[in-house]
Amino acid sequence: MDANKFLSDLTGKSIAEIEGRHEIDIYGLDPNDPGCFESDNYVLKTGNSNSFYESMPDKDNRRHHLSVVKSPWLDRQGRIVGTIGIGKDITELMNQQALFNTFINSLDYSIALTDVNNMIIQINHAFANMAGNIEVISENFDEILSRYFIPSKSKDEYDYKLYDSERGEKSYWLLSTFPMHDFWDEYTGNIHILQDVTTQRMQSKKIAEMLRTDPLTGVNNKAGMYDFFLNADTSCKASFFFINLDNFKYIYNSYGHETSDKYLKDI
């Protein structure tokens, strides 16, 4: 019965061409599309507003996504005489969401987005695989985290451990959390990123052990000795002594490198 300029521009039809025609004809929609029809019936029968999403082509046949709210149109006596439909073009928003989904699903990191109450609103494929593809949307992130991970006792070593009971393996994960803000800089939730740092931690541990120990005997070297004393309980008494091997050069010269190495390790 009436329309505004936005609808006219979107469809490429004048107001005169729109008024008096059915929405299916105006939008060029499939007559079997239940969107508008079901929404109109719901509003007319219940008197309540209804919302839904629909997709429609514009005058250049480019697809637009609309967020639509249908409300009852009342006369002066409060009787329902029709519906009023308000459609907001969210095409760009949907495109940005699609790009964002593609981006986070391309990452190897496990990512979860939560609202201000820390309830999960979105995850990527890596997080879903980590969680065994169970439904975690609308679940509390901390509860999901505690379901799969064991918090670290030492934050300097790792953040979380994940045990694979079937394989009998454990992995180390680093959790990073970043706040999300909307256009008006209002806090809207968090982005949680879980990174598998097992290989990195194992390599770091191996390098640290190599720096602290003698490669031949496996005993602590000078750096290892310093680490030992720095981490020792200073309230306890301790003793240490030196051992000097006399005539070791004779063994090396007489029996060779391999035998002298074995002799040194045995000592």
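Starting from 1, each residue takes its place in the sequence as its number.
No more than 12 heavy-atom neighbours from other residues, nucleotides or ligands sit within 6.0 angstrom of CG on Asp108. By the neighbour-count criterion of 12 heavy atoms within 6.0 Å, atom CZ of Phe6 is densely surrounded, having more than that number from other residues, nucleotides or ligands. Heavy-atom contacts from other residues, nucleotides or ligands closer than 6.0 Å to NE2 of His181 number more than 12. Within 6.0 Å of CG in Asp233 there are more than 12 heavy atoms belonging to other residues, nucleotides or ligands. Shown here is Met210, whose CE atom has no more than 12 heavy atoms of other residues, nucleotides or ligands within 6.0 Å.
Test Asp115, Thr188, Thr114, Val116 against Met180 for side chain to side chain contact (heavy atoms under 4.5 Å, CB included) and you get one pass: Thr188.
Ion pairing between Lys262 and Asp266 holds under the 4.0 Å rule for side-chain N and carboxylate O.
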Checking Trp173 against Ser110 for the side chain to side chain contact (heavy atoms under 4.5 Å, CB included) test, could you report, in this order, the C-alpha distance in whole Å, the side-chain angles of both residues, the deciding distance, and whether it holds? CA-CA 10 Å; Trp173 295 71; Ser110 297; 3.9 Å; yes
- Message: Using side chain to side chain contact (heavy atoms under 4.5 Å, CB included), reason through Lys205 and Glu209 one step at a time and then give a plain yes or no.
- Response: CA-CA 6 Å; Lys205 186 176 181 181; Glu209 289 176 352; 3.7 Å; yes
Can Glu139 and Arg147 be said to form a side chain to side chain contact (heavy atoms under 4.5 Å, CB included), step by step?
CA-CA 11 Å; Glu139 296 283 342; Arg147 186 183 303 175; 4.3 Å; yes
Full working for side chain to side chain contact (heavy atoms under 4.5 Å, CB included) between Phe52 and Lys70: CA-CA 8 Å; Phe52 60 95; Lys70 283 288 184 73; 3.9 Å; yes
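Among pairs with a residue in residues 123-138, none fulfils side-chain hydrogen bond (donor to acceptor under 3.5 Å, both in side chains), at least two apart in sequence or across chains. Evaluation of the ring-ring contact (aromatic ring centres under 6.0 Å, His included) test over residues 56-107, restricted to residues two or more places apart or in two chains, returns none. Screening residues 185-224 for ring-ring contact (aromatic ring centres under 6.0 Å, His included) gives Phe141-His192 as the qualifying pairs, with residues at least two apart or on separate chains.
Criterion: ILVMFWY side-chain heavy atoms under 4.5 Å apart, direct or through other members. Under it, Phe228 and Phe241 are not part of a common hydrophobic cluster. Taking hydrophobic clusters as Ile, Leu, Val, Met, Phe, Trp and Tyr residues chained together by side-chain heavy-atom distances below 4.5 Å, Leu230 does not share a cluster with Val219. When hydrophobic clusters are built by joining Ile, Leu, Val, Met, Phe, Trp and Tyr residues whose side-chain heavy atoms come closer than 4.5 Å, directly or via intermediates, Leu113 is not grouped with Val136. Under a hydrophobic clustering in which Ile, Leu, Val, Met, Phe, Trp and Tyr are joined whenever their side-chain heavy atoms come within less than 4.5 Å, directly or via other members, Met1 and Ile84 fall into the same cluster. Met119 and Ile144 sit in two unconnected hydrophobic clusters of ILVMFWY residues. Membership requires side-chain heavy atoms under 4.5 Å apart, directly or through other members.
Ring orientation note: the planes of Phe248 and Tyr263 are close to parallel, at an angle under 30° on the 30°/60° scale.
Of all heavy-atom pairs spanning Val43 and Ile80, the tightest one is O-CD1, 3.9 Å. Across Val69 and Ser71, no two heavy atoms sit closer than the pair CG1-OG, 3.9 Å. Met225 and Asn220 get closest at one heavy-atom pair: N-CB, 4.1 Å. Closest approach of Ile18 and Ser8 over heavy atoms only: CD1-CA, 3.8 Å. Shown here for Gly47 and Pro72, the closest heavy-atom pair between the two residues is O-CG, 3.3 Å. Ala126 and Leu107 make their closest contact through CB-O, 4.1 Å (heavy atoms, listed as atom of the first residue, atom of the second, distance).
Taken from OH in Tyr109 to CG in Leu175, the straight-line distance is 13.5 Å, to the nearest 0.5 Å. From Ile104, atom CD1 reaches atom CG of Leu99 across 12.0 Å, with rounding to the nearest 0.5 Å. Note that the OG1 atom of Thr177 and the CD1 atom of Ile193 stand 8.5 Å from one another [nearest 0.5 Å]. With values rounded to the nearest 0.5 angstrom, Leu264 atom CG is found 9.5 Å from Ile251 atom CD1. Rounding to the nearest 0.5 Å gives a distance of 10.5 Å between CG of Asn50 and CG of Asn41. Summarising the geometry, atom OG belonging to Ser171 is positioned 6.5 Å from atom CZ belonging to Phe149; distances are rounded to the nearest 0.5 Å.
Side-chain contact annotation: Asn101 with Gln122, donor-acceptor N/O pair under 3.5 Å present.
Counting only distance, with no hydrogens or angles, the side chain of Asp75 and the backbone of Gln77 share a donor-acceptor pair below 3.5 Å. The backbone N or O of Tyr250 lies less than 3.5 Å from no partner atom in the side chain of Asn247, so there is not a single donor-acceptor pair. Under the 3.5 Å distance criterion, the side-chain polar atoms of Asp196 are matched with a main-chain donor or acceptor of Thr198. Looking only at distances, no side-chain donor or acceptor of Asp2 sits under 3.5 Å from a matching main-chain atom of Glu19.
By the salt bridge (charged side-chain N to carboxylate O under 4.0 Å, His left out) test, Arg76 is found to be paired with no residue, residues two or more places apart in sequence or in another chain being considered. The ring-ring contact (aromatic ring centres under 6.0 Å, His included) search around Phe127 returns none, not counting sequence neighbours. Residues passing the side-chain contact (heavy atoms from CB on, under 4.5 Å) test with Asn48, sequence neighbours excluded: Tyr42, Thr46.
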